[in-house]
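All chains are named by letter (A, B, ...) in the order of the sequence lines, taking the proteins before the strands, and each is independently numbered beginning at 1. Side-chain atoms are counted along with the backbone in the values below, which use heavy atoms only and exclude waters and symmetry mates.
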Amino acid sequence: MDYKQQVTDALVPTLTDLTPDEIKTKIEQPKTSKQGDLAFPTFTLAKIMHKAPQMIAGEIVEKIDQSNFEKVVAMGPYVNFFFKKAAFSADILGQVLTDGADFGNAKIGEQGQVPIDMSSPNIAKPISMGHLRSTVIGNSLANILTKIDYKPVKINHLGDWGTQFGKLITAYKMWGSEAEVKADPINNLLKYYVRFHKEDVDHPEMDDVARDWFKKLENGDEEALALWKWFRSESLKAFKKIYERLDIDFDSFKGEAFYNDKMDEIVDILESKGLLHESQGAEVVDLSKYDLNPALIKKSDGATLYITRDLAAALYRKRTYDFVQSLYVVGNEQTNHFKQLKAVLKEMGFDWSDQIHHIPFGLITQGGKKLSTRSGRVILLDKVLDDAVALAHKQIEEKNPDLADKDAVADAVGIGAVVFHDLKNERMNNFDFNLEEVVRFEGETGPYVQYAHARAESILRKAGSPAIAADGQALSDPAAWDTLKLLSEFPTIVVRASDEYEPSVVAKYAIHLAKAFNKYYGNTKILVEDDELHARLALVKSVSIVLKEALRLLGVKAPDEM
RNA sequence: GUCAUGGUAGCUCAACUGGAUAGAGCAUCCGCCUUCUAAGCGGAGGGUUGUGAGUUCAAGUCUCACUCGUGACACCA
């Protein structure tokens with residue numbers, strides 16, 4: 001049922017000065033239920049009708065056919081519509097119970113493929129809190145897009161190429177050992193890398209050695225290649241453990257190295273179109289007409305750069321997936337890079353450059369400073385997850401020591417807290433890392449939402465998990481009203497989240513729904529035998545379904561007990 | 001310096017894209033477990049929405065200027 005349309009239909013006969021479309025776009029949702037369920041502001045009519053908005057509102061109310069509403073009242077300059085609660089609740093509960101987890105699905109994407117460049121950690125470096133954002137935002141967007149009928153392709157564009165491998169090989173050959181790397185690959189490789197950057201300050205000649213090693217690597221030198229492969233596979237093993245903890249998988253691990261042999265074509269195209277110019281010994285594409293710095297395609301020593309590989313990757317993805325959109329979930333400090341990328345593609349004559357979207361996000365800092373692997377200032381994601389799970393364990397021992405599957409629940413709650421925390425605010429917000437904040441279980445957090453869901457499930461168990469009819473669950477209790485209305489908003493929320501590429505829209509919705517339900521739960525006894533018992537259980541079941549689905553879209557689990 | 005992005009309660013953030021008395025959480029204080037999970041519920045205090053102008057019936061939201069923070073600014077990614 002389209003309630004906005006219903007309100008529009010009621011208004012049309014009373015408002016001959018406006019078209020139905022104009023009326024519909026002006027209808028808004030009041031801030032609180034006290035002001036009704038939908039409202040029509042009369043300000044714009046004041047000019048046309050030469051009357052005070054309050055008067056117009058009053059006149060509309062007198063003329064309007066109220067039969068489809070509980071009541072229609074004029075409140076100041078607004079005409080406020082109150083829905084019939086019984087009919088509305090039967091309608092929305094019926095939809096949720098019939099559709100189950102599919103509630104909110106939409107046929108928008110028409111199966112169009114959408115590669116999502118996400119996570120993309122660097123080989124030989126640990127996954128830090130910084131990578132978490134790209135990983136969980138990308139994963140959530142993939143879930144949301146799937147829900148509205150797109151086909152996302154999760155691509156982990158590993159940082160497995162570039163001059164840092166020259167440095168790493170150099171460092172390994174100076175101080176490293178096979179035994180050390182085997183024992184603890186990531187940490188020891190990182191140790192070499194950090195030491196390289198420390199000593200390199202006093203010994204700049206090390207940079208030349210490193211450059212040389214990378215050059216060898218690009219030319220297929222056996223020793224360099226063997227070391228590179230080894231570093232890569234060891235790192236990937238460690239990464240996969242973390243992805244497993246987050247319950248996130250990828251459709252592709254094609255990293256930068258994969259495009260190593262696909263850059264010549266890019267350079268050829270650029271040359272044939274006369275776009276490549278020499279500047280200070282390097283090969284660049286001039287982008288001054290886009291107000292951008294030139295894109296550096298080849299360094300003066302002939303080696304390629306980040307953007308060269310990204311151009312090859314963009315073209316490869318277009319050919320492989322014939323995408324309708326191509327997303328890059330990458331920090332906002334790379335905004336210029338993606339502007340350049342799109343501009344160069346456009347210059348190359350690829351009109352699909354418009355389908356490429358950079359999904360930027362804010363920086364995580366510590367003590368106000370940017371995290372930096374080189375300087376060793378890192379927050380290890382594994383450690384944060386460990387801390388969160390340990391804290392969840394502690395909470396379970398305090399609050400629910402008889403819980404059956406403690407380990408699984410502690411994982412779901414601890415990791416859920418961390419993931420939810422990363423998704424609940426707008427992408428672009430920076431945030432300073434604070435462990436206590438991240439692993440908080442009270443207030444507007446992941447565990448708060450999980451708890452509301454677990455309470456709902458608990459009631460259903462206590463009720464004997466009865467079969468609940470999808471039809472005719474009329475619930476007229478005003479205490480349930482806010483929860484019912486929130487349930488009805490879920491489909492809109494999903495679409496908005498995808499339009500804005502904002503998982504936080506879903507996270508905030510989940511908090512609102514959990515809050516409304518907790519309030520209802522705290523003030524209303526659900527399990528009492530009366531006429532509306534089944535309708536209340538239908539509400540509880542619906543809340544459980546939608547909370548679980550909202551959390552799933554965020555990549556957070558919803559245990560039935562906690 | 002140029003561009004980008006932000007400035008809302010002590011702290012962290014909302015505000016349905018221009019609408020009604022700017023709302024939550026944390027922290028502080030008070031109340032609620034012999035009733036479905038207290039990871040909860042109810043209540044109190046806390047605001048010149050960075051500053052100044054402008055557009056509008058209406059501005060946290062749009063325009064301009066200024067200001068502070070952060071980031072990027074060709075041989076890193």
(message) If I take atom NE2 in residue A/His453 and atom C1' in nucleotide B/C36, what distance separates them, rounded to the nearest angstrom?
(response) 16 Å
(message) Does this structure show an ion pair linking A/Asp37 with A/Lys485, if we count only N-O contacts that are shorter than 4.0 Å?
(response) yes
(request) Examine B/C41: is either OP1 or OP2 under 4.0 Å from a nitrogen or oxygen in the side chain of A/Tyr448? Give yes or no. (result) yes
(message) Can you say whether a donor on the side chain of A/Asn80 sits under 3.5 Å from an acceptor on the base of B/A20, or the other way round?
(response) yes
(message) Is the phosphate of B/U37 approached by A/Arg461 (side-chain N or O, under 4.0 Å from OP1 or OP2)?
(response) no
(message) Rounded to whole Å, how long is the line connecting atom CG of A/Leu391 with atom P of B/A39?
(response) 13 Å
(message) Tell me whether the side-chain N/O atoms of A/Lys399 come closer than 4.0 Å to OP1 or OP2 in B/A39.
(response) yes
(message) Could you tell me the Watson-Crick or G-U partner of B/U34, where both distances fall under 3.5 Å? Say none if there is no partner.
(response) none
(request) Using a strict cut-off of less than 4.0 Å between a Lys/Arg side-chain nitrogen and an Asp/Glu carboxylate oxygen, indicate whether A/Lys299 and A/Glu283 qualify as a salt bridge. (result) no
(request) Among the candidates B/G71, B/A20, B/A39, find the nucleotide nearest to the side-chain atoms of A/Phe441. (result) B/A39
(request) Check every strand shown and say whether A/Leu363 touches a base, only sugar-phosphate, or nothing at a heavy-atom separation below 4.0 Å. (result) sugar-phosphate
(message) Once you apply a heavy-atom cut-off of 4.0 Å, does A/Gln450 come out as touching a base, just sugar-phosphate, or nothing?
(response) nothing
(message) What I want to find out is whether A/Asp2 reaches A/Lys24 closely enough, with some N-O distance under 4.0 Å, to be called a salt bridge.
(response) yes
(request) Describe the nucleic acid contact of A/Pro30 in one word from base, sugar-phosphate, nothing, applying a heavy-atom distance below 4.0 Å. (result) base
(message) Say we look at B/A20 and B/A65: how far apart would their P atoms be, to the nearest angstrom?
(response) 28 Å
(message) With a 3.5 Å limit on both atom pairs, tell me what B/A27 is paired to, counting Watson-Crick and G-U wobble, or say none.
(response) none
(message) Whether A/Lys47 contacts B/C57 is assessed here as follows: a side-chain N or O lying under 4.0 Å from the phosphate OP1 or OP2. Is that the case?
(response) yes
(request) Verify the contact: side-chain N or O of A/Lys299 to OP1 or OP2 of B/C76, cut-off strictly under 4.0 Å; return yes or no. (result) yes
(message) Please verify the inter-ring angle class for A/Tyr193 with A/His197; under 30° counts as parallel, over 60° as perpendicular, anything in between as tilted.
(response) perpendicular
(request) For nucleotides B/G50 and B/A72, find the distance between their P atoms and express it as a whole number of Å. (result) 25 Å
(request) Could you work out the separation of B/C16 and B/G23 based on their P atoms and round it to a whole Å? (result) 13 Å
(message) Quick check on B/U56: syn or anti? Syn means the glycosidic torsion is within 90 degrees of zero.
(response) anti
(request) Can you tell me the pairing partner of B/G18 across any strand shown, Watson-Crick or G-U wobble, with both distances under 3.5 angstrom? (result) none
(request) For nucleotides B/U37 and B/U48, find the distance between their C1' atoms and express it as a whole number of Å. (result) 45 Å
(request) Quote, to the nearest angstrom, the P distance that separates B/A53 from B/U17. (result) 29 Å
(request) Starting at atom CD1 of A/Ile396, determine the distance to atom P of B/A38, rounded to an integer number of angstrom. (result) 16 Å
(request) With C1' as the reference atom in both, quote the distance from B/A14 to B/U35 in angstrom, rounded to an integer. (result) 34 Å
(message) What is the separation between atom CD on A/Gln29 and atom P on B/A14, rounded to the nearest whole Å?
(response) 19 Å
(message) B/A72, OP1 or OP2 - any side-chain N/O from A/Thr335 closer than 4.0 Å?
(response) no
(message) Which nucleotide, if any, forms a Watson-Crick or G-U wobble pair with B/U2, using both distances under 3.5 Å?
(response) B/A72
(request) Nearest whole angstrom, please: distance from the P of B/C75 to the CG of A/Leu305. (result) 8 Å
(request) Please state whether the phosphate of B/U21, meaning OP1 or OP2, lies under 4.0 angstrom from any side-chain nitrogen or oxygen of A/Lys34. (result) no
(request) State, without any angle test, whether A/Asp482 and A/His512 hold a side-chain donor-acceptor pair at a distance under 3.5 Å. (result) no
(message) Nearest whole Å is fine: how far is B/A4 C1' from A/Asn336 CG?
(response) 7 Å
(message) By the 4.0 Å heavy-atom rule, please label A/Lys298 as base, sugar-phosphate, or nothing.
(response) nothing
(message) At 4.0 Å (heavy atoms only), tell me whether A/Ala452 reaches a base, stays on the sugar-phosphate, or touches nothing.
(response) nothing
(request) Take the protein atom CZ of A/Phe420 and the nucleotide atom P of B/C26, then report the distance between them rounded to whole Å. (result) 14 Å
(message) When the C1' atoms of B/C33 and B/A15 are compared, how many Å lie between them, rounded to an integer?
(response) 35 Å
(message) Check the phosphate of B/U5 against A/Arg427, side-chain N and O only, distance under 4.0 Å to OP1 or OP2. Yes or no?
(response) no
(message) Is there a side-chain contact between A/Tyr451 and the phosphate of B/A39, meaning an N or O under 4.0 Å from OP1 or OP2?
(response) yes
(request) Measure up the A/Tyr328 and A/Phe338 rings against each other and bin them: parallel (under 30°), tilted (30 to 60°), perpendicular (over 60°). (result) tilted
(request) For A/Asp499 and B/U17, give me the distance from atom CG to atom P, rounded to whole Å. (result) 12 Å
(message) Whether A/Asn429 contacts B/A14 is assessed here as follows: a side-chain N or O lying under 4.0 Å from the phosphate OP1 or OP2. Is that the case?
(response) yes
(request) Would you mind pulling out the nucleotide paired to B/U49, Watson-Crick or G-U wobble, both distances under 3.5 Å? (result) none
(request) Answer yes when A/Lys548 and A/Glu457 have at least one side-chain N-carboxylate O distance shorter than 4.0 Å, and no when they do not. (result) no
(message) Using side-chain contact (heavy atoms from CB on, under 4.5 Å), reason through A/Leu38 and A/Phe83 one step at a time and then give a plain yes or no.
(response) CA-CA 8 Å; A/Leu38 285 176; A/Phe83 300 158; 3.6 Å; yes
